[in-house]
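Both ligands and their constituent atoms are indexed starting at 1 by order of listing. By convention here, the first residue in the shown sequence is residue 1.
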Amino acid sequence: MSKIAIMGAMPEEIAPLLEKVENVKKVDYANNSYYEATYRGKELVIAYSKIGKVFSTLTAATLIEKFGCSVLLFSGVAGAINPSLKIGDLIIAKKLCQHDLDISIFGHDFGYVPEGAKFVESDEKLREIAKDVASKNNLSVIEGTIATGDQFVASNERKEFISKNFQADALEMEGASVAVVCDALKVPFFILRAISDTANDDAGVDFDEFMVSSAKISANFILDMVESI
Ligand code: ADE
């Protein structure tokens, strides 16, 4: 049976998962805590990485290489770029990119480095499972591009840069690094985010107000998917 990794970046993103799973066993490793658990007959390993691309890379690689997970689901919150996304709405990443990766001085596209790729695509079957879960629960989800960077974006100017150069629908700080790890290690992955803010001047205030409720919306959806994996 496949062991399913579920990760978030912050404690609030995995707390709703830990409340619902069973047989939880905490394992400390590499300056982090990993929670082995079961849910509806499935084996899970749950962890939050801490914020950003470096910590999320470490956690994703550890979930796969040390804990033997063969599928990875990410649950968390994001800032919206696409104006149709409102606070609390869900977005599934079809593909992900690094908006702060920049060697454009050498003539390369933003987000591209030699031997890498500007976009990494997530697993199609997992996206299909998500769409089934959404329709069964009468929830609307959009599928789009998520841009990742090591910065909390709270400016229309930066949003416009990311929109223009990556046609991204939402932005956050871990998805693309997790995608790079899973793609390299050939582990199917899925990234889900619920909107906590719109990455504008008010983003800090909105994030503080809505992060917990949006994190819960995303986590509950991910748990609904687990049964079908
Ligand atoms: N995650 C949620 N909102 C975000 C924002 N505005 N910038 C970066 N990551 C986020």
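Using a 4.0 Å cut-off between charged nitrogen and carboxylate oxygen, Arg40 and Glu227 count as a salt-bridge pair. By the 4.0 Å N-to-carboxylate-O rule, Lys53 lies close enough to Asp100 to be salt-bridged with it. Remark: Glu124 does not engage Lys131 in a salt bridge, criterion side-chain N to carboxylate O under 4.0 Å.
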Given the rule in the side chain to side chain contact (heavy atoms under 4.5 Å, CB included) test, do Glu121 and Arg127 qualify, once you have shown the distances and angles that lead to the verdict? CA-CA 11 Å; Glu121 198 165 318; Arg127 279 186 271 127; 3.2 Å; yes

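For ligand 1, the 4.0 Å heavy-atom shell takes in Val77, Ala78, Gly79, Gln151, Phe152, Val153, Leu171, Glu172, Met173, Ser196, Asp197, Ala199, Phe207, ordered by chain and residue number.
Judged as a salt bridge (charged side-chain N to carboxylate O under 4.0 Å, His left out), and not counting sequence neighbours, Glu43 has no contacts.
Note that the CD1 atom of Ile142 and the CD1 atom of Ile195 stand 8.0 Å from one another [nearest 0.5 Å].
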